[in-house]
Amino acid sequence: MEYEKKDTRSGFGEGLLEAGRRNPKVVAFCADLTGSLKMGDFAKEFPDRFFQTGIAEANMTNMAAGMALSGFVPFTGTFAAFATGRVYDQIRQCVAYSNKNVKIAASHAGVTLGEDGATHQILEDIGLMKMLPNMTVIVPCDFNQTKNATIAAAEYEGPVYLRFGRPKVPNFTPADEKFVIGKAQMLQEGTDVTIFACGHLVWKAIQALPNLKENGINAELINIHTIKPLDVESVLKSVAKTRCVVTAEEHQRNGGLGDSIAQVLALNNPVPMEMVAVDDVFGQSGTPDELMKAYHLDTPDIVEAVKKVIKRK
Amino acid sequence: MNINELKRVASQVRRDIIRMVHGCQSGHPGGSLGATDLVTALYFDQMQIDPSNFQMDGKGEDMFFLSNGHISPMFYSILARRGYFPVSELATFRRLGTRLQGHPTTAEGLPGVRIASGSLGQGLSVAVGAAQAKRLNNDPHLVFVLMGDGEQDEGQIWEAAMYAGAKKIDNLVGILDYNKKQIDGPTDVVMNLGDMRAKYEAFGWKVIELNGNDMQQVVDALNEARKGAHQGMPLLLLAHTEMGMGVDFMMGTHKWHGTPPNDEQAANALSQLEETFGDY
């Protein structure tokens with residue numbers, strides 16, 4: 001089936017607008033990337049509730065925390081690299097530790113940011129954010145899911161890190177699907193292996209399914225769109241059935257989705273596991289497709305990882 | 001409250017500070033003593049607040065943020081003496097399980113504290129956000145934030161100063177505790193701050209300069225700031241203070257920035273500070 005290709009950041013832009021229409025307390029800050037974050041429609045419809053901060057992410061993050069005190073629901077918008085690493089201490093002290101209702105919207109995550117190169121291609125942000133107590137970490141997989149996740153984040157009380165990206169990818173989840181924070185999404189039931197994926201890697205994993213089937217492998221595919229809190233129950237239920245795991249993410253192996261799954265398995269039900277992730281290196285310039293291949297984040301890499309892990313059973 | 005009454009409160013606050021840092025043998029007495037007069041005047045004379053019914057959102061009230069969180073003994077003493085929580089709780093400062101953490105936090109639910117501080121340079125931004133929230137809510141009350149001079153080294157201070165000036169955040173009063181000392185020594189040596197009045201004025205602020213340890217001047221300056229609010233510019237009280245104010249051997253040096261007095265030193269310090277409202 002052919003799906004329309006749309007960028008997840010546009011899903012955020014639409015979700016923010018919808019959240020703003022539903023709740024007059026929703027406000028938005030942006031550090032000079034309104035176009036990139038697709039926040040323009042919100043800014044146009046709610047000029048009094050949109051705050052252009054200039055290129056000053058630290059100030060933006062703490063202003064959002066200060067505004068959240070009064071019952072507002074602030075979103076901050078910038079690239080994932082500047083939304084996390086640049087302002088880690090601000091998030092840690094005034095958002096996570098102070099438990100303020102700030103939504104950190106982070107676009108252009110991972111190597112699919114493309115030609116700008118490694119300075120902008122953060123691959124460590126999931127780890128940085130999931131380590132913080134009180135922080136919820138959401139990595140939706142397509143346009144519709146990002147839109148619905150944005151609306152869900154606005155309705156949820158507490159700090160949220162919402163990670164999405166730049167490229168246009170197939171928009172395959174239903175437009176009207178309610179996003180439930182912390183609930184893993186079963187995409188394909190199977191018996192031989194469980195693939196846990198997030199973000200852009202979910203579509204890559206879907207594309208792997210026909211190939212696996214041809215090879216006689218009946219794979220289960222679960223979209224872990226909420227890295228934290230992790231749906232431990234769904235993870236363990238699936239693994240009890242399939243007895244081996246592949247994780248797939250556009251992130252460092254250290255600190256990412258695979259790392260979270262590995263922790264659950266090690267503590268509860270150790271089974272063979274392979275991780276499709278970036279292996280302790282920085283990215284580089286290139287097209288998104290080239291980079292996904294170069295860093296072994298593509299569909300064939302998932303297929304290979306599945307074959308390898310099944311042999312280890 | 002008249003000036004003499006405010007001075008009597010400040011004297012008790014200074015006693016509390018000495019007893020708190022002496023009690024747990026840690027904490028920051030120097031800056032706490034120096035900023036006491038500023039925050040005493042805010043809480044006991046200037047701010048419209050309801051300590052008996054602390055609300056996180058500060059709606060219909062003035063709000064205060066402490067950016068230089070390490071002078072928490074001063075903040076805690078004033079909150080307790082003003083009625084936010086029992087004065088007896090000051091004895092738990094920095095002890096395991098206390099709501100009076102080394103640096104102020106919200107995690108333990110201490111009334112009067114709205115956000116964590118301690119990592120420096122962040123409070124001005126928080127205050128700007130809170131001030132903007134008041135504007136959205138059509139709440140004419142003011143937001144006050146106390147900053148240290150050492151933390152003016154932080155780049156984020158100037159992000160926030162630029163924003164507040166550019167966006168005309170005129171319900172915001174910054175107070176700079178300008179004691180000219182930081183941990184490693186005089187600010188002139190560690191990082192020369194240059195002309196702070198000119199710097200803030202260049203960022204679009206109205207600056208009011210005062211002796212921050214002269215209670216009359218503090219009250220006058222705060223009154224002037226209140227009159228100057230809502231006129232298109234953020235306000236800064238450039239308050240010249242003396243680290244260790246009120247205790248002779250703690251003044252004129254940065255040595256007491258983060259050092260507690262021993263038994264003998266504490267007794268000496270307390271002998272210089274009148275017990276006006278009863279020790280906790």
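So that the names make sense, note that chain A is the first sequence line, chain B the second, and so on, each numbered from 1.
Checking side-chain atoms of A:D231 against main-chain N and O of A:A184 turns up a donor-acceptor pair under 3.5 Å. The closest donor-acceptor contact from the side chain of B:S77 to the backbone of B:P73 lies at 3.5 Å or more, if one exists at all.
Only the side chain of A:F72 comes within contact range of chain B, judged by heavy atoms closer than 4.5 Å. Contact of B:K134 with chain A is not made at all, since no heavy-atom distance falls under 4.5 Å. In this structure, chain B has a heavy atom under 4.5 Å from the backbone of A:E57, while its side chain stays farther away. Of the atoms belonging to A:A64, not a single heavy atom falls under 4.5 Å from chain B.
For the residue pair B:Y84/B:E89, the side-chain donor-acceptor check at 3.5 Å is not satisfied. A donor and an acceptor atom, one from each side chain of A:K130 and A:S260, are located under 3.5 Å apart. Side-chain contact, B:S125 with B:Q156: a donor N or O sits under 3.5 Å from an acceptor N or O.
Comparing B:Q122, B:Q132, B:M162, B:E159 by how many heavy-atom pairs each has under 4.5 Å with chain A, the most go to B:Q122. For chain A, the option among B:A160, B:S119, B:A130, B:G121 with the highest count of heavy-atom pairs below 4.5 Å is B:S119. By number of non-hydrogen pairs under 4.5 angstrom with chain B, the leading residue of A:N59, A:N134, A:T53, A:N99 is A:N59.
Below 4.5 Å, heavy atoms of chain A meet heavy atoms from B:M56, B:D57, all part of residues 43-60 of chain B.
Checked against B:V173 for a side-chain contact (heavy atoms from CB on, under 4.5 Å), the options B:V145, B:L146, B:L237 give a single hit: B:L237.
In this structure, the ring of B:W158 has its center no less than 6.0 angstrom from the ring center of B:Y163.
Contact detail for A:R166 and A:R9: the closest heavy-atom pair is O-NE, 3.3 Å. The minimum heavy-atom distance linking B:G118 with B:H103 is given by the pair CA-CD2, 3.6 Å.
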